[in-house]
Protein chains: 4
Amino acid sequence: MGGTMDVTKQQRRGNTRQRIQDVALDLFAEQGYEKTSLREIAEHLDVTKAALYYHFKTKEEILVSIFDDLTQPILDLIEWGRQQPHTLETKQEIVRRYSATLAGATPLFRFMQENQATVRELRVGETFKERMQGLREIIVDPEADLTDQVRCVSAIFTLHAGMFFLQDIAGDPEAKRKAVLEVATDLVTQAHRGGAEG
Amino acid sequence: MGGTMDVTKQQRRGNTRQRIQDVALDLFAEQGYEKTSLREIAEHLDVTKAALYYHFKTKEEILVSIFDDLTQPILDLIEWGRQQPHTLETKQEIVRRYSATLAGATPLFRFMQENQATVRELRVGETFKERMQGLREIIVDPEADLTDQVRCVSAIFTLHAGMFFLQDIAGDPEAKRKAVLEVATDLVTQAHRGGAEG
Amino acid sequence: MGGTMDVTKQQRRGNTRQRIQDVALDLFAEQGYEKTSLREIAEHLDVTKAALYYHFKTKEEILVSIFDDLTQPILDLIEWGRQQPHTLETKQEIVRRYSATLAGATPLFRFMQENQATVRELRVGETFKERMQGLREIIVDPEADLTDQVRCVSAIFTLHAGMFFLQDIAGDPEAKRKAVLEVATDLVTQAHRGGAEG
Amino acid sequence: MGGTMDVTKQQRRGNTRQRIQDVALDLFAEQGYEKTSLREIAEHLDVTKAALYYHFKTKEEILVSIFDDLTQPILDLIEWGRQQPHTLETKQEIVRRYSATLAGATPLFRFMQENQATVRELRVGETFKERMQGLREIIVDPEADLTDQVRCVSAIFTLHAGMFFLQDIAGDPEAKRKAVLEVATDLVTQAHRGGAEG
DNA sequence: GATGAATGAGGTTTCATTCAT
DNA sequence: AATGAATGAAACCTCATTCAT
């Protein structure tokens with residue numbers, strides 16, 4: 001039986017785990033976590049549901065593994081941020097780096113944004129919240145006045161929103177990304193100055 | 001059997017429809033649409049699932065009815081906005097009014113935000129998108145440069161984010177609401193000036 | 001409330017029972033008994049389900065009442081047939097009369113034919129079987145040889161089949177009815193002769 | 001759990017699909033399609049409802065699979081008939097072969113006959129109609145006069161009726177089958193002669 | 001003569017998961 | 001490394017029926 005395996009199947013050898021993650025993320029992002037069944041994932045890969053269970057213990061674990069792989073850069077960013085001085089330049093750099101991170105894992109962030117209700121009850125929900133908390137800590141000055149704190153949070157959300165909600169606005173994607181980055185940078189800059197002046 | 005109905009049940013008579021909507025929205029907002037089963041809603045109300053179907057044709061229709069009832073103010077706001085001159089004051093007033101609208105229907109907006117993936121495949125998804133589109137039209141100047149357009153969209157998102165994502169930030173809720181409003185107003189103001197100066 | 005009843009509704013007064021029977025028979029014949037729900041019947045009549053229960057005790061009783069009203073002619077025919085001599089003329093007359101009876105209650109017979117499985121578990125099933133049994137008794141000579149008995153049964157079935165299964169054959173309906181009647185008459189005639197000769 | 005599976009269950013392995021078809025056909029024929037629930041089928045087989053869905057995508061597909069398996073002979077018969085000359089002998093042979101086909105799939109034909117209303121809305125309904133249409137085409141001469149056409153259709157219906165409606169008539173089954181076949185053969189013979197003479 | 005509100009039973013279907021092979 | 005077969009739980013939904021008004 002193994003001998004009659006066709007070429008397509010042979011090529012798959014050994015990277016099924018990765019392929020599951022890829023397909024799963026695509027489907028999760030497109031349809032949501034609950035609406036994506038393991039049957040569907042399996043069918044897209046032309047394997048059986050049981051095969052998924054060889055590679056992952058549960059449906060949730062598929063998501064966890066994707067999440068862990070793709071959000072490592074955020075962890076790194078937070079780690080880096082913690083060791084920097086709380087200067088304006090640092091904050092601007094954080095915004096720049098976070099923007100790049102988002103761009104490198106768009107489907108996952110889209111998924112996290114669009115499935116918050118679901119994700120909240122999952123392990124990744126808690127983890128993601130912690131990451132966001134960490135991000136806030138390195139970008140928001142707890143001593144600043146409330147308005148400036150909001151500005152910093154807003155900067156992060158502007159970046160998030162930029163990924164999806166600007167899709168329906170006309171314009172070249174790269175131009176839009178730059179515009180979004182500019183607005184976000186502006187927001188942290190104002191926040192910083194506000195604090196300095198106040 | 002009907003004769004032995006207890007007082008609690010009698011009082012309910014005639015407002016079951018409303019009560020279904022209330023409980024459903026609570027649960028939808030808390031757990032998500034998919035994770036909330038009709039059984040659960042029914043149990044909370046101490047009626048049978050079939051009773052829900054007497055008042056609503058499908059699960060989706062429950063959501064639609066809630067949505068239609070609670071988003072009427074946005075429709076009114078868009079209508080109003082269309083008839084105003086495109087001045088800075090108008091935009092600031094739109095931000096103020098939208099902020100008030102959000103405050104008046106927090107659970108629904110929380111739900112819409114946190115269940116985007118699900119909602120996208122539902123009728124309310126399309127409708128909501130249209131509403132947001134309408135809102136953008138009255139607040140974003142298509143002639144302005146991209147950065148200023150992003151500022152306006154960002155203002156709306158700041159208001160949205162303000163409802164939920166600031167929950168973990170310390171501070172008096174009313175103070176936070178004002179801070180959020182201020183940042184959003186700032187953003188449209190800058191956008192307007194930018195356009196004027198550019 | 002009664003005072004504001006519109007004209008259409010006023011006209012309905014007093015014949016609702018009949019109207020239920022009419023609509024029910026139409027739907028039963030078209031979709032089958034099981035697939036036709038009381039909700040559907042009620043909607044067609046623009047009344048509530050509960051109204052049906054004012055006129056009939058159960059769904060089955062609606063069918064029973066229709067059946068009893070429309071199959072009385074068969075009862076009469078059997079009664080008549082029992083008092084006639086067992087001549088060829090009698091048999092031919094039975095075929096002629098039965099053909100007329102069928103023509104006068106096509107939807108019911110269509111229903112009975114197409115819902116035998118369902119009807120078998122209903123009270124009308126038993127009754128219908130008895131009627132058919134009675135019909136057989138007056139047209140089949142138990143002394144005749146088996147082939148001729150089959151001819152007589154076949155005559156009855158030819159009449160039944162004539163109602164529906166010839167629909168897809170081209171030709172004027174009245175011409176078809178006559179052709180069917182001729183074949184059926186032929187069959188009983190041959191049966192009679194066979195018996196006489198054998 | 002799997003290890004403690006009893007002998008009876010082990011023997012079943014690998015032929016569950018066939019067993020589902022068998023039990024389903026029995027129950028469909030006995031009680032009708034709608035009245036037969038998947039729960040019932042599953043219970044008869046001592047498996048869960050979900051097991052049925054492993055083997056068939058829907059309830060309807062169970063029926064389709066049974067139908068396709070059992071009506072293949074009719075397809076073959078039509079195919080054969082189309083290649084024969086339109087002689088009397090051919091028609092008589094068709095009657096003989098069709099009679100044999102019916103005898104080999106009695107429960108299915110009983111089911112189709114007794115559940116026409118239901119079946120009409122199912123995929124098999126359309127298919128069955130086409131088959132019957134095909135059968136008519138090879139046995140009915142469209143040039144013949146209407147009465148003779150009716151005779152041929154009547155022959156087919158006599159065969160159908162023979163399977164069920166003669167059940168209540170006394171007599172040895174094999175003798176009855178022969179009698180039915182004789183009457184049907186007679187009908188096509190008369191039809192053929194009529195055409196020849198007319 | 002009819003409605004409004006509700007129920008209890010049961011329907012088909014889908015899902016994540018298991019396990020022997 | 002993966003399959004085939006199956007399960008248990010639960011989902012949405014529909015139906016005939018009831019009864020106070």
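Every chain is numbered from 1, with letters handed out A, B, ... down the list of sequences. The analysis underlying the following values was restricted to heavy atoms, covering all of them including side chains, and did not include hydrogens, waters or symmetry mates.
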Peer 1: Look at the side-chain N and O atoms of B:Thr16 and state whether any lies under 4.0 Å from the OP1 or OP2 oxygen of E:dA6.
Peer 2: yes
Peer 1: Say whether C:Asp68 and C:Gln72, considering side chains only, have a donor N or O and an acceptor N or O under 3.5 Å apart.
Peer 2: no
Peer 1: I'd like to know if the side chain of B:Lys49 and the backbone of B:Ser37 have a donor-acceptor N/O pair within less than 3.5 Å.
Peer 2: no
Peer 1: Short question: side chain of A:Tyr33, backbone of A:Glu60 - any donor-acceptor pair under 3.5 Å?
Peer 2: yes
Peer 1: For A:Glu60 and D:Lys49, find the nucleotide of DNA chain E closest to each by heavy atoms; which residue's nucleotide sits nearer the 5' end?
Peer 2: D:Lys49
Peer 1: OP1 or OP2 of E:dA6 less than 4.0 angstrom from a side-chain nitrogen or oxygen of B:Tyr54, does that happen here?
Peer 2: no
Peer 1: Would you say a side-chain N or O of A:Tyr53 is under 4.0 Å from OP1 or OP2 of E:dT17?
Peer 2: yes
Peer 1: Could you please name the partner base of F:dA1, counting Watson-Crick and G-U wobble pairs only when both distances are under 3.5 Å?
Peer 2: none
Peer 1: Taking all heavy atoms of B:Leu38 and all of B:Leu52, pick out the closest pair and write down the distance.
Peer 2: O-CD1, 3.5 Å
Peer 1: Donor-acceptor pair, C:Glu114 side chain versus C:Phe111 backbone, under 3.5 Å?
Peer 2: no
Peer 1: From the options F:dC13, E:dT17, F:dA2, select the nucleotide whose nearest atom is closest to the side chain of A:His55.
Peer 2: F:dA2
Peer 1: Of all the nucleotides listed (F:dA2, F:dA16, F:dT7), which has the minimum atom distance to the side chain of D:Ala50?
Peer 2: F:dT7
Peer 1: Whole-Å distance between F:dC12 C1' and B:Ile62 CD1?
Peer 2: 11 Å
Peer 1: Could you check how far CD1 of C:Ile41 sits from P of F:dT14, rounded to whole Å?
Peer 2: 17 Å
Peer 1: Only pairs with both distances under 3.5 Å count, Watson-Crick or wobble alike; so what is the partner of F:dA10 in this structure?
Peer 2: E:dT13
Peer 1: Within the structure, does a side-chain N or O atom of D:Arg39 lie under 4.0 Å from either OP1 or OP2 of E:dT12?
Peer 2: no
Peer 1: Can you tell me if D:Thr48 touches the phosphate of F:dA6, counting only side-chain N or O atoms and a distance under 4.0 Å to OP1 or OP2?
Peer 2: no
Peer 1: Rounding to a whole Å, what distance do you find between B:Lys57:NZ and F:dC12:P?
Peer 2: 18 Å
Peer 1: Taking the nucleotide of DNA chain E with the closest heavy atom to each, which residue, A:Thr36 or D:Tyr33, is nearer the 5' end?
Peer 2: D:Tyr33
Peer 1: Give the rounded distance in Å between these two atoms: CD of C:Gln18 and C1' of E:dG1.
Peer 2: 17 Å
Peer 1: In this structure, how many angstroms lie between the P atom of F:dA5 and the CG atom of D:Asp46, rounded?
Peer 2: 18 Å
Peer 1: Quickly work out the A:Leu38 CG to F:dT3 P distance and round it to whole Å.
Peer 2: 14 Å
Peer 1: Determine: side-chain N/O of D:Ser37 to OP1/OP2 of E:dG11, distance under 4.0 Å, yes or no.
Peer 2: yes
Peer 1: Between F:dC15 atom C1' and C:Gln31 atom CD, what is the distance in whole Å?
Peer 2: 14 Å
Peer 1: Look at the side chain of A:Ala51 and decide which nucleotide, out of E:dC15, F:dT17, F:dT3, has an atom nearest to it.
Peer 2: F:dT3
Peer 1: Should F:dT17 form a Watson-Crick or G-U wobble pair with both distances under 3.5 Å, which nucleotide is its partner?
Peer 2: E:dA6
